[in-house]
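Down below is the structure, laid out as structure tokens.
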Amino acid sequence: MADLMTGSEADVAVVGGGPAGLHAALVLAQGGLSVVLLDESDTLGGQYYKRRPAQLTAAFGDFRPRGTELIRQVREAEVVVRTGTLVWGAEDAGRTLFTSDVRTGALGRINTRATLAATGAYERSLPFPGWTLPGVVTPGFALHLATMDRVPVGNRVVLAGTGPFLLPVACALLEVGARIEALVELNHPYRPRASALGGTLRQPARLAEAARYLLTLARHGVRVEQGARVLAAYGDTQVTAVDIGHEDGRVRRLETDALCVGFGFRPSTELPRLLGCDTQADPTGTEQLPVVDADGTTSVDGLYVAGDCAGIAGVQAAGVRGQLAAHAILRRLAPERAPAPVAGLRRRARSLDRFAALADRLYPMPATADIPDDTQVCRCEGVSAGEIRQAAETGWNDLHGTKAATRAGMGPCQGRECGHIVAALAGRGSGPNRAAECFAARMPIRPLPMAATVEGQEVP
Amino acid sequence: MTRPDVIVIGAGVLGASAAFHLAERGYRVVVLERGGPNREGSGTTAGNLHIQAIHTRRPGQEVPVDSARLLPLQRRASDHWAQIEERLGADVELRRGGGFMVAETAVQEEELREKHEWERRAGIPTEVVTGDEARKQLPLLSDRVRAASWCPLDGYANPLLITPAYLTAARRLGAELHAFTPVTGIQRVGDDYKVLSDDRSWTAPVVVNAAGPWITEISALAGVGIQMSPVAIQMHVTVRVPPVMHHLVQHIGEGMSVKQVSAGNLLIGGGWPAAKLDMEGRNTVSVPSMAGNLAQAGRILPFLGDLRLLRMWAGPLAATPDEMPVIGEVPGHPGFFVAGGTYAFTLAPVWGDTLARQIAGEVAADPVDDLGPGRLLYDDATTPVSP
């Protein structure tokens with residue numbers, strides 16, 4: 001293999017150039033270790049600190065300047081930055097990473113002494129009738145268009161789902177001139193019961209942020225409708241209408257040209273799971289999260305996890321967790337250095353974790369039981385909820401058997417989009433072995449261009 | 001049903017086929033499966049229907065298959081597969097688009113001609129064509145192809161569908177399937193075998209051990225020492241593309257099989273070794289095997305370079321030390337049958353039929369005495385007697 005892939009060495013590989021990865025890389029490099037920071041996209045920043053194209057920056061200003069500053073510091077600290085590099089596989093506890101150049105497809109491999117997975121999260125989608133129509137998008141996609149390209153996703157937008165993320169998306173849409181037809185929140189987070197308030201007081205900044213968004217929305221006459229949800233979207237070649245169901249059973253039909261529906265985020269855990277790290281079910285019971293200690297140490301010696309990949313907690317927590325993991329790696333790989341004090345970071349992490357737990361309580365997920373049988377769940381392979389339920393109900397099929405029987409999760413997204421839903425639906429069967437499961441992480445973690453393997457390179 | 005006529009251990013393709021053929025003859029059958037049906041080798045295999053001689057070794061395979069010996073059985077398998085969808089009342093994505101086995105060198109071409117002679121004698125239609133003739137039929141073949149043997153009977157069936165189809169048909173005929181039911185003990189009770197799964201048990205005069213890589217462990221429970229050499233091999237699948245080829249393409253010199261399945265994905269295999277066989281958990285794929293298999297497949301079919309690899313996986317292969325299949329009653333253990341070994345997918349219908357005939361006391365459609373488990377016995381302990 002040595003002559004098959006271009007190899008390189010570093011003390012630490014940080015996979016993911018978002019807030020957690022950037023903070024970690026900076027601490028590691030300042031601590032004297034050689035660090036390679038890898039990201040699939042062609043710029044650093046991840047989703048939160050994503051970069052606005054130069055022309056737009058000139059016209060509209062820098063997007064989240066804190067990210068710009070962080071990236072500048074990382075580059076100055078001589079972190080080896082390899083954007084446009086897909087990590088598609090790993091072995092040996094993460095000490096070997098297999099990479100592919102996103103543009104050329106050239107394969108590479110990186111040997112390290114430790115690896116930090118800071119791979120972030122995906123948006124959580126839940127299927128409903130009509131969710132595959134063009135014009136039905138995630139809030140994150142709408143935000144990307146609004147902030148990076150200054151383009152509204154539609155003129156008459158309906159935003160729905162659950163989670164605090166819907167608020168900044170709505171504000172960003174207003175800023176680029178979209179009209180918000182409705183902002184529909186499944187839960188009742190904005191008049192929380194007294195019992196839920198305890199945790200919020202420790203994070204006044206976050207509360208103030210939400211209040212600011214709500215104020216902006218109010219100024220534009222946008223009211224958050226709580227306890228309501230999307231029942232179905234309609235349209236021929238494009239979404240044109242949506243039914244909103246209210247708790248009192250009332251159904252309201254709205255005309256729309258863009259429906260953004262999201263239910264928060266799901267950690268992107270393929271890399272740690274591929275490396276066999278111990279996992280545990282998240283509160284929804286349909287995701288397997290890496291088991292980590294306060295420093296992001298996993299059960300796999302040399303593998304660390306930080307940021308939303310270790311459980312959704314947001315940008316502040318990602319930065320703190322990234323730094324904590326970096327300090328843990330420094331204590332391990334550079335024991336001769338005086339260890340930096342981390343008590344403050346740990347306190348901050350605990351406080352942010354409490355805030356994340358509060359968010360979990362305020363924005364619970366809806367039940368998958370409500371997904372109608374004829375609704376498509378795996379859009380890559382065209383598999384409906386009913387087909388998945390039927391396969392599970394034979395009693396022969398656990399999650400993996402359900403996948404084999406239905407092809408759900410076998411398409412180009414490799415089950416990333418639908419895996420948690422298939423798991424929830426398959427878990428409804430009556431057979432044994434019904435423990436929480438998820439699709440196995442396999443190489444390649446992303447579809448891998450085969451050109452480099454097939455052409456040019458000789459088999460040793 | 002705690003006192004069936006036959007207990008089949010293993011719900012892979014062989015156990016499922018045996019259950020179907022037995023149930024079709026009126027036997028009352030219970031199938032016990034340690035996990036989910038079709039989850040191990042049978043569900044992870046390539047799904048090739050090898051009708052022309054197999055010949056090629058898997059990379060790392062030490063002992064060659066006696067290809068000529070297997071040809072009459074492959075001929076028989078071809079006939080079975082031709083009727084299988086009708087017989088099972090199921091669509092198993094059966095495709096008989098024919099297959100090329102390619103040669104790149106003069107020595108390999110000579111092997112093709114030798115192989116063709118065996119096939120002719122076994123009544124299997126093949127012809128050796130030049131590279132240009134092969135490319136006329138399948139223009140995707142590269143200039144590296146010097147010659148190829150063509151067999152119109154080669155094909156593919158979806159390994160995710162055939163075992164469930166057998167099981168469904170068997171259940172329609174009264175067979176019982178118990179998934180997630182690992183066998184934990186086998187005892188002799190008079191002339192019968194009592195098969196235990198923790199606190200449950202089934203008793204029958206006949207047991208079929210079709211446990212694939214676990215044949216040794218299951219046999220040992222019955223005091224039978226059968227030597228197997230299980231390995232893990234790996235498969236690669238690309239993203240879906242529109243139909244581009246309907247042939248099975250293999251290589252005479254190296255382990256390689258490529259075909260496009262009904263869904264549109266290209267499936268690339270050839271028995272390349274996985275990194276690790278893990279009989280308790282998940283088998284680990286090997287990146288060098290991936291690179292080797294894809295490079296070699298791309299040399300013969302360069303269009304593969306334009307595709308993206310979607311997944312790879314490793315599954316167990318219940319190989320025997322002499323690489324030949326094993327089928328039949330264990331000498332000294334009346335009623336205890338074993339079926340397994342390489343090319344079980346292609347031969348599954350033949351082995352189901354053969355077991356049913358053997359259990360009924362009939363003569364097999366093709367002689368298989370030389371493939372019996374006697375050759376693999378390593379000690380002659382006796383089955384523990386039920387207390």
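As the structure is a prediction and not an experimental result, all values here were calculated from the model. Proteins come first, then strands; the chains are lettered A, B, ... in the order of their sequence lines, and each starts at number 1.
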So for B/I268, is it side chain, backbone, both, or neither that comes closer than 4.5 Å to the heavy atoms of chain A? side chain
First locate atom CD of B/Q296, then atom OG1 of A/T453, and finally report the distance between them rounded to the nearest 0.5 Å. 13.0 Å
Considering all heavy atoms, the nearest B/P37-A/W396 contact: CD-O, 3.4 Å
Within the structure provided, determine whether B/L160 and A/M410 are in side-chain contact (heavy-atom separation under 4.5 Å). yes
At their closest point, which heavy atom of B/A263 faces which heavy atom of A/R407, and how far apart are they? CB-NH2, 3.3 Å
Could you tell me whether A/Y122 atom OH has more than 12 heavy atoms of other residues or ligands within 6.0 Å of it? yes
The criterion is side chain to side chain contact (heavy atoms under 4.5 Å, CB included); which residues satisfy it with A/D373, sequence neighbours excluded? A/R389
Is there a donor-acceptor pair under 3.5 Å between the side chain of A/Q414 and the backbone N or O of B/R311? no
Neighbour count >12 (heavy atoms, 6.0 Å) for atom CD, B/Q61: yes
Counting heavy-atom pairs under 4.5 Å with chain A, which one of B/T238, B/V239, B/N158, B/L304 comes out on top? B/L304
Quick check on B/L161 against chain A: is it the side chain, the backbone, both or neither that has a heavy atom closer than 4.5 Å? neither
Could you give the distance from OG1 (B/T284) to CZ (A/R442), rounded to the nearest 0.5 Å? 10.5 Å
If I measure from the heavy atoms of chain A, does B/P302 come under 4.5 Å with its side chain, its backbone, both, or neither? backbone
Could you grab the distance from atom CG of B/N38 to atom NE2 of A/H400, nearest 0.5 Å is fine? 14.5 Å
Selection from B/E33, B/R171, B/H178 maximising heavy-atom pairs under 4.5 Å formed with chain A: B/R171
With chain B, the option among A/P444, A/P412, A/A404 that has the most non-hydrogen atom pairs under 4.5 Å is A/P444
Taking it one step at a time, do B/M312 and A/M443 satisfy side-chain contact (heavy atoms from CB on, under 4.5 Å)? CA-CA 6 Å; B/M312 49 180 162; A/M443 290 192 271; 3.6 Å; yes
With side-chain contact (heavy atoms from CB on, under 4.5 Å) as the test, would you mind laying out the steps for A/D398 and B/F180 before giving the verdict? CA-CA 10 Å; A/D398 51 12; B/F180 305 102; 3.8 Å; yes
